[in-house]
Amino acid sequence: MARRKMLVGNWKMYKTVAEARAFAEALGRLSGRLSDDLEYAICPPVTALQTLRVVMPTKVALGAQNVYFEPQGAFTGEVSTDMVKELGARYVIVGHSERRTLFCETDDLVQKKVQAVVAAGMVPILCVGENLVERDAGETLPVVRRQTERGLAGLSGAAVAQTVVAYEPVWAIGSGRTPSAEDAEVVIAAIRGVIAEQHGLEAAEAVRILYGGSVKPNNIAGFCGQPNIDGALVGGASLEAESFVAMAEAMAGGDNA
Ligand code: 13P
């Protein structure tokens with residue numbers, strides 16, 4: 001079954017509304033270079049969603065970087081699924097390692113958020129990945145298994161099929177270090193195996209699993225050329241329109257679909 005490859009930018013806490021608008025305008029000038037064979041999304045700070053919904057090229061979907069799982073209430077500083085959906089978000093990143101480590105998000109909380117995003121009719125991008133201590137201890141596969149099982153628990157096979165998972169080894173994020181494409185493929189194939197066990201073969205074959213961590217225009221094709229890697233979740237290299245387009249071109253050129 002052919003899974004459509006995706007290029008997703010996670011802007012983290014970068015770009016004011018004015019800067020986001022400038023990116024979208026620059027991307028608009030370059031958008032003829034974005035192949036229709038791929039799917040694209042940018043997850044900006046929530047403050048920029050409304051503007052980007054108007055000025056972003058239509059080929060590029062929008063996502064949020066986080067939500068709270070409750071629909072509304074006394075949760076100072078949080079935003080709900082309906083709030084980001086209203087601003088045009090189709091995706092929501094859930095369980096990014098920065099949220100797990102800096103903001104103490106547990107597997108339990110991540111699971112509730114994934115369920116809230118699905119219930120709201122958006123697509124979660126569930127992030128999993130081991131840190132350096134876990135990797136050195138040989139615990140990569142048990143860690144990603146636990147995070148995947150817990151993150152997707154309670155979802156139907158049909159819901160899992162629509163979901164996106166991103167394997168982001170914590171030590172590769174923003175570090176300029178990456179696993180080899182072959183090593184990333186092994187972990188991502190294992191994640192697909194876990195999903196097959198828990199949610200059935202059909203869901204496992206449909207779910208898209210991305211690689212993330214120091215992805216750049218010069219290494220993206222290697223990752224995305226692997227049979228189980230369905231695209232990339234990119235931080236730093238997604239902040240400039242030219243670099244975003246260069247990654248899209250490298251992915252489309254190296255596509256083995
Ligand atoms: P970098 O691409 O900057 O390493 O960030 C990866 C990431 O965390 C995307 O979610």
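Order of listing sets the numbers, starting from 1, for every ligand and every atom in it.
Salt bridge annotation for Asp230-Arg4: absent, with no cationic side-chain nitrogen under 4.0 angstrom from a carboxylate oxygen.
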Just distance, no hydrogens or angles: give the donor-acceptor pairs under 3.5 Å from side chains in residues 17-29, sequence neighbours left out.
from: Glu19; atom 1: OE1; to: Thr16; atom 2: N; distance (Å): 2.8
from: Glu19; atom 1: OE1; to: Thr16; atom 2: OG1; distance (Å): 3.4

Side-chain donor-acceptor pairs under 3.5 Å in residues 47-63, sequence neighbours left out?
from: Arg53; atom 1: NH1; to: Glu86; atom 2: O; distance (Å): 2.6
from: Lys59; atom 1: NZ; to: Ser31; atom 2: O; distance (Å): 3.0
from: Lys59; atom 1: NZ; to: Leu34; atom 2: O; distance (Å): 2.8

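Contact residues for ligand 1 (protein heavy atom closer than 4.0 angstrom to any ligand atom): Asn10, Lys12, His96, Glu168, Ala172, Ile173, Gly174, Gly213, Ser214, Leu233, Val234, Gly235, Gly236.
Dense packing is recorded around CD of Glu78, with more than 12 heavy atoms of other residues, nucleotides or ligands lying under 6.0 Å away.
Lys12 is linked by a side-chain contact (heavy atoms from CB on, under 4.5 Å) to Asn10, Tyr14, His96, Glu98, Ile173, counting only residues two or more places apart in sequence or in another chain.
In this structure, Lys112 forms a cation-pi arrangement with Phe69, its terminal cationic atom sitting closer than 6.0 Å to the ring centre and no more than 45° off the ring axis.
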